[in-house]
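Each remark here refers to the structure printed beneath this line.
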Amino acid sequence: MQEGMVKRASELLADGTVVRVLGWKNGEFVYDPTPAVFESVEALSDFVYNDFCASNLSKYLVALSKKEGKTLVFLKPCDSYSFNQLLTEHRVDREKVYIIGISCDGKVDESKLRAQGAEGVTGIATDGDTITVSTLYGDVQLKKADVIAERCVTCKSKKVVAYDEMMGENGEENPDCGRFDQVAALEAMTPDERFAFWRNELSKCIRCNACRNICPACTCEQCVFDNPKSGISQKAAADSFEENMFHIIRAFHVAGRCTDCGECSRVCPQHIPLHLLNRKFIKEMNECYGEYQAGAEAGSRAPLVNFTQEDCEPSIVYTKEASK
Amino acid sequence: MKKISLTKLDEFFAAVAASQNLYLPVDGAKGAEYSLWTEGTVMSKAYNTLRSAKDFFFPQVETLAAFKVNGKNIEVEDVRKETEDFVVFGVRACDAKSFEILDSVYLADPVDSYYASRREHGVIMTLSCKKPTETCFCKAFGIDAANPGGDVSCWMTDSELLLQANTEKGEALLASLSILEEADDNAADSEKEKLQTILDKLPLGNLSTESFGGDKLMALFNSDKWEALSESCLACGTCTFVCPTCQCYDIRDYDTGHGVQRFRCWDSCMYSDFTLCAHGNTRNTQMQRFRQRFMHKLVYYPANNNGVFGCVGCGRCLRSCPISMNIVKVMKALEG
């Protein structure tokens, strides 16, 4: 696919349709490409697209669509949901973006490679469903299904929902992906167990803000937690209350806007399953207000900003004894 | 040199832990972290811990003082408790070197008494690497992974743990452990050789620092490469927080409702309010903030510390950066 992407990007740069290309650049190893902007056909020699191009590129368009000229971007299915959400919130200028939709069969989680014994990686070769990792300590053969990122295992949709042209076949939504199973498992716990689960996870937080800064729904010019004048700015949580507060406030703030792209959990250096907080909100909104997928359609009204007289009263639906 | 059979490893840990807290790397769900040793704790075989060992001396958050307000009186309270003795076992050569870098900042005049107290009460027992990985590049900064330093250097053969004291503190600790037996001074040689053959094969083993140092200030500062290198930086603090040598902190007040707790916490040059002054900020773009981090490690720090670089090549930033931008890519781009 990489070859086709470079070819098409070169054409669009050459004929003046776009002035820059947003994609991924070759890394030091196979698994560490970096999001990058290419401004010439020559620069595209470093362009890469492989199983490790996991970064969601949509958020970069907030800044790039303010620049002169059009930007070509390659969007994977989950990235395209984020793009639509940003359009809905008027954070990107659609006219300044040219989208090529690319299909995705799941990205590989490098830490899963390591967990299965591939430490000291010197090369990675993919052949169909088999991944051969060369390491300093010998070759390791793995099945792609076993090393695919957690968020891709429960992929909600392989359909690119915003594009000017598609490269290859567009995929389908997958409503039976089981992405709420883990949330249901948490709901089945007693409140004490659930509290213990989240305290254990959130106590690992080092407040690097990677989850917030990668999040396509977090596009405030200045976050309240970074603003010394807000009175609640934090560089580190002073106690466990503040530790919880940051993540819970963030989950509230992106409720109804989170497309469930899973970037928050991917980038967490402490491996906290942050996406479960957001999924809990999505699940509850689906239950209270009917199925809604943020970013499925640009311009759609999210349940939380769209009052109707038929809206349920969540406090009545979710009484303490209710089974839901 | 001293030794103990690996079959007695638990007894050895118990002996160390008898008179002080012992911390060592323990496997968690997603990687190894330092944990307090208690009976039954199994030491991790991971190449290194997810987080560095700097927390032991420079914790992410610590309260410096407390203020109680009573009418017009303000009472200042020194909240420090007596630091207990502790031992950190299993520190790798890279992380052991990072303490020297922190020392040169915190133990220089004026001495940071909070940091100094922990340094005085802590004993570092290093452990030679078994399986260095592709993200390791300590050699570039003159670190010999086969001779890992600290107060006591340790090597693990197939059957024994070998221990060599390097400092008075280390001597005293080993002397207190009657469970140890005497060993030949060259007992670790074959282990060192084995490691050396792996070190020679590391893909980043030949990373060069020649283009960096205090004398290259203006050329590097003005390089036109910074814009492209920093363009996708998210401005999160991951690299600085997983880094064993990043040493910047901020001091904040926490309103407890009845008074104030003045605490310090790790700061990050990646953050928009880093070094924010009354007049505003000296670095207003992410490019400038990004450049600051690498200039500090590769130019400013060596300029002030006899050419010693502010990086130890542990590779944690290579693994944890959300966009996979890191010091190796920066060094290669700047020299190229």
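A, B, ... follow the sequence lines: proteins, then strands. Residue 1 opens every chain.
Using a 4.5 Å cut-off between heavy atoms, B:Lys329 contacts chain A through its side chain alone, with no backbone atom that close. The contact between A:Glu242 and chain B is made entirely by side chain atoms (from C-beta outward), counting heavy-atom distances below 4.5 Å. With a threshold of 4.5 angstrom between heavy atoms, B:Arg51 approaches chain A through side-chain atoms but not through N, CA, C or O. Contacts of B:Thr238 with chain A are made by both backbone and side-chain atoms, with heavy-atom separations under 4.5 Å. In this structure, chain A has no heavy atom under 4.5 Å from any part of B:Gln261. Contact annotation for B:Asp250: only side-chain heavy atoms (C-beta onward) come within less than 4.5 Å of a heavy atom of chain A. In this structure, the portions of B:Ile323 lying under 4.5 Å from any heavy atom of chain A include both its backbone and its side chain. Contacts between B:Lys131 and chain A at a heavy-atom distance below 4.5 Å involve backbone atoms as well as side-chain atoms.
No side-chain heavy atom of B:Asp55 sits less than 4.5 Å from a side-chain heavy atom of B:Tyr23. Counting heavy atoms from C-beta on, the side chains of B:Phe241 and B:Ser52 never come closer than 4.5 Å. Under the 4.5 Å side-chain criterion, counting only non-hydrogen atoms from C-beta, B:Lys68 is not in contact with B:His258. Between A:Phe29 and B:Pro203, the closest side-chain pair of non-hydrogen atoms falls below 4.5 Å.
No close placement of the B:Phe58 and B:Tyr115 rings is indicated, their centers lying 6.0 Å or farther apart. When ring centroids are compared, A:Phe74 and A:Tyr49 stay outside the 6.0 Å threshold.
When each of A:Asn209, A:Val267, A:Leu136, A:Val121 is scored by its heavy-atom pairs under 4.5 Å with chain B, the top score falls to A:Val121. Between chain B and the options A:Val37, A:Asp226, A:Leu22, heavy-atom pairs under 4.5 Å are most frequent for A:Val37. By number of non-hydrogen pairs under 4.5 angstrom with chain B, the leading residue of A:Gly120, A:Cys268, A:Ser55, A:Ala36 is A:Gly120. Interface check for chain B: of the options A:Cys211, A:Pro269, A:Ser111, A:Ala115, the most heavy-atom pairs under 4.5 Å are formed by A:Pro269. Comparing A:Lys59, A:Lys25, A:Arg114, A:Gln222 by heavy-atom pairs within less than 4.5 Å of chain B, the highest count is held by A:Arg114.
At distances below 3.5 Å, at least one donor-acceptor pair connects side-chain atoms of A:Lys96 with backbone N or O atoms of A:Ser65.
At a cut-off of 3.5 Å, with distance as the only test, no side-chain donor of B:Gln288 or B:Arg291 sits close to an acceptor on the other residue.
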